[in-house]
Protein chains: 2
Amino acid sequence: MTNARPTLIRIKQDTSLVEKIMNELRFNTRDCGSCPIRHRAVCARCQPDELEQLDAIKYYRTFEAGQPVIWSGDPMEFVSSVVSGIATLSQTMEDGRTQMVGLLLPSDFIGRPGRDAAPFDVVAVTDLTLCCFRKKPFEDMMEKTPSIGTRLLQMTLDELDSAREWMLVLGRKTAREKIASLLAILARRDASLYKKPPHDGMSFELPLTRESMADYLGLTLETVSRQVSALKKSGVIELQGKRRVIIPDLQALVAETGDDVDGAPIT
Amino acid sequence: MTNARPTLIRIKQDTSLVEKIMNELRFNTRDCGSCPIRHRAVCARCQPDELEQLDAIKYYRTFEAGQPVIWSGDPMEFVSSVVSGIATLSQTMEDGRTQMVGLLLPSDFIGRPGRDAAPFDVVAVTDLTLCCFRKKPFEDMMEKTPSIGTRLLQMTLDELDSAREWMLVLGRKTAREKIASLLAILARRDASLYKKPPHDGMSFELPLTRESMADYLGLTLETVSRQVSALKKSGVIELQGKRRVIIPDLQALVAETGDDVDGAPIT
DNA sequence: CGCAGTTTTGATGGACCTCAAAGACCGTGG
DNA sequence: CCACGGTCTTTGAGGTCCATCAAAACTGCG
């Protein structure tokens, strides 16, 4: 609604291109030590010698925004960690109704040791870089390396909690509360990406279209649009262009989610 | 609507009492070998010597129907497996709206190695027997016994998939489809409990009240009641009394869930 | 029998969906 | 530079599914 800065956007694209090239260079050095997700990914607890082994079998893959990574039911030849970018995990019914069941951010793990077929669709929302391991070698390594299994269990338990918290959002919250919940989560995640706590006046890029938001929230895109406008009108959020969200008062946003003030920490 | 058999119900109670006493006797012999959930629980992959160690630190606890097992936020002193009975995992908002996020059946695991506070409320729906381990000794044992961690990872990944499939139910299905989905799941689980595939004409006990069903499905109890009646009127299900459900045609039920015919195997 | 809890049934309203069209944004090509 | 089409978003009007409120029927139990 108030977006008239094509130059700004063009600059953004340039930086992301530079970033992309730098990533290519950085990542392909195979140096796990300088990996940006090193401390949070499935390999977080590995010893130096274990990292070396992983180094030997890992490879990077990139996907452009909008491309599918894997379809539900497909055989999975690899497991992977998200290094940069965002992907969605979703499920579609025959008649086209779709429900997003997860948002995959840097350090999140994709795949299921011990399972052959993918249970859900994975699609790249932004340009995406994955750190991949062929499934069999990874499974073999898991057998011998408890630190991987332990870390994966930890991550899976966390994701299970997140999924269950999201069930409350889907089952019981109003459209307005759903939007507020999603924004609150994105705000928290964005803040944690830059390693500082969320604060009043913070802003972040909204990586999802209205339709994706609707698929995540179990709503229609029209309802999403209306409720975003409503939150803006109430002053709970501000928009810069259509994709950047400003949170003038974090408490006010959290209040709109319907959660306790101490906040369910849906990561 | 067609329930006039108090005698039948009284008999049921008697058998369950007998069963209870027998369980007490059986379980307290501490013999993991004869444990009914031995092959599916977290200990499924343990070697005889590992089982002996678990034997040494395990203890049983029972809860009557309706009793809480643990509240969200409480410190967890123990982890456990459901041996018999059913419990629910749920979440409640300040204003009272509640959402069930899991149904805990025999062999399911309760607790989070590495976490102190319980993330959700656990309540016994029927009389419930748990096989418990104090958390610290269990965690110590997990360190030394990879077969436990591996099995727990497997179970957690399965639960994560189930939770995500349930998100589709909550977010995108109609009330009628939700009811059908719940009944289909209960039918499958009941069949697997007796180790035979679900079949036409099968029947099972409905362990949940209309309100619990509503909390599971993100509906009101009135809507649940209406849709159950509607399914009955369409001949998709039959009722014996208010709690026993007969499935004359399994395909017909699955068709009502909106899922593919090959069926999302929500376990 | 009478009471408390559960379930059913009915009437009404509202939150959200559906259908439709216009507006904003962006890249492309004249 | 502007026209053009494609995609995403907003806005509007109308309809429907389900929630809400209310009361009656049923069940088990003292």
Side-chain angles (χ1 to χ4, degrees), chain A residues 1-13 65-66 95-99 125-126 169-179 205-215 217-233 237 239-245 258, chain B residues 1-14 65-66 93 95-99 125 169-179 206-215 217-233 237 239-245 258:
Chain A
M1 228 171 202
T2 55
N3 188 0
R5 309 197 200 181
T7 46
L8 191 132
I9 286 164
R10 182 141 318 121
I11 287 168
K12 259 218 97 311
Q13 288 182 328
D95 61 9
R97 282 178 280 177
T98 90
Q99 175 65 52
V125 180
T126 64
V169 174
L170 291 175
R172 292 302 187 191
K173 290 197 177 180
T174 65
R176 186 183 176 97
E177 288 170 338
K178 285 179 174 181
I179 301 286
E205 210 63 36
L206 195 58
L208 304 173
T209 64
R210 296 283 181 263
E211 189 177 15
S212 298
M213 292 174 69
D215 285 343
L217 297 167
L219 298 171
T220 60
L221 62 91
E222 294 95 330
T223 300
V224 170
S225 178
R226 277 186 249 268
Q227 295 298 336
V228 169
S229 299
L231 284 176
K232 186 177 140 201
K233 199 167 161 190
I237 59 172
L239 297 180
Q240 237 172 43
K242 229 138 234 169
R243 288 297 182 82
R244 178 155 284 271
V245 181
Chain B
M1 225 173 203
T2 54
N3 188 357
R5 309 199 198 181
T7 46
L8 191 133
I9 285 165
R10 182 143 316 123
I11 288 168
K12 259 222 96 305
Q13 288 184 327
D14 288 346
M93 295 170 68
D95 60 8
R97 282 177 281 177
T98 90
Q99 175 65 53
V125 179
V169 175
L170 291 175
R172 291 303 187 192
K173 291 197 177 179
T174 65
R176 186 182 174 98
E177 288 170 339
K178 285 179 174 183
I179 300 286
L206 195 58
L208 305 173
T209 64
R210 296 284 180 262
E211 188 178 15
S212 298
M213 292 174 70
D215 284 343
L217 296 167
L219 297 170
T220 60
L221 61 90
E222 294 94 328
T223 300
V224 170
S225 178
R226 276 185 251 269
Q227 297 297 338
V228 169
S229 300
L231 284 175
K232 185 177 141 200
K233 199 166 160 190
I237 59 172
L239 297 180
Q240 236 172 43
K242 229 141 233 169
R243 287 299 181 83
R244 178 155 284 269
V245 180

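All values below were derived from every heavy atom in this structure, side-chain atoms included, with hydrogens, water molecules and symmetry-related copies excluded. Letters A, B, ... mirror the listed sequences (proteins, then strands); counts begin at 1.
- Rounded to a whole Å, the CG atom of A:L239 is 12 Å from the C1' atom of D:dT9.
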Base versus backbone protein contacts along nucleotides 11-17 of chain C [heavy-atom cut-off under 4.0 Å; B, S, -]: B----SS
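- For A:T223, the side chain to side chain contact (heavy atoms under 4.5 Å, CB included) partners at least two apart in sequence or on another chain are A:A175, A:L219, A:T220, A:Q227.
- Under a 3.5 Å cut-off, the side chain of A:R172 and the backbone N or O of B:T98 do form a donor-acceptor pair.
- Nearest approach of B:L170 to B:G218, heavy atoms of both residues: CD2-N, 4.0 Å.
- By the side chain to side chain donor-acceptor pair (under 3.5 Å) test, B:S225 is found to be paired with no residue, residues two or more places apart in sequence or in another chain being considered.
- At least one donor-acceptor pair closer than 3.5 Å links the side chain of A:Q99 to the backbone N or O of A:D215.
- At the heavy-atom level, A:T209 lies under 4.0 Å from the strands shown only through sugar-phosphate atoms.
- Computed from coordinates, the A:L221 CG to D:dT11 P distance equals 14 Å when rounded to whole Å.
- Projected onto DNA chain D by closest heavy-atom contact, A:E211 and B:E222 fall at different nucleotides, the more 5' of which corresponds to A:E211.
- Between the CZ atom of A:R243 and the P atom of D:dC8 there is a distance of 9 Å, given to the nearest Å.
- In this structure, the side chain to side chain contact (heavy atoms under 4.5 Å, CB included) partners of B:V228, at least two apart in sequence or on a different chain, are B:I179, B:R210, B:M213, B:V224, B:I237, B:L239.
- Scanning for side chain to side chain contact (heavy atoms under 4.5 Å, CB included) contacts around B:T174 gives A:R97, B:R176, B:E177, with sequence neighbours left out.
- Contact between the side-chain N/O atoms of A:R210 and the OP1/OP2 oxygens of D:dT7 is not found at any separation under 4.0 Å.
- When the salt bridge (Lys or Arg N to Asp or Glu O under 4.0 Å) test is applied to B:R226, no partner is found at least two apart in sequence or on another chain.
- With axes fitted over five pairs at each extremity, the angle between the ends of the helix from C:dC1-D:dG30 to C:dG30-D:dC1 is 20° (10° resolution).
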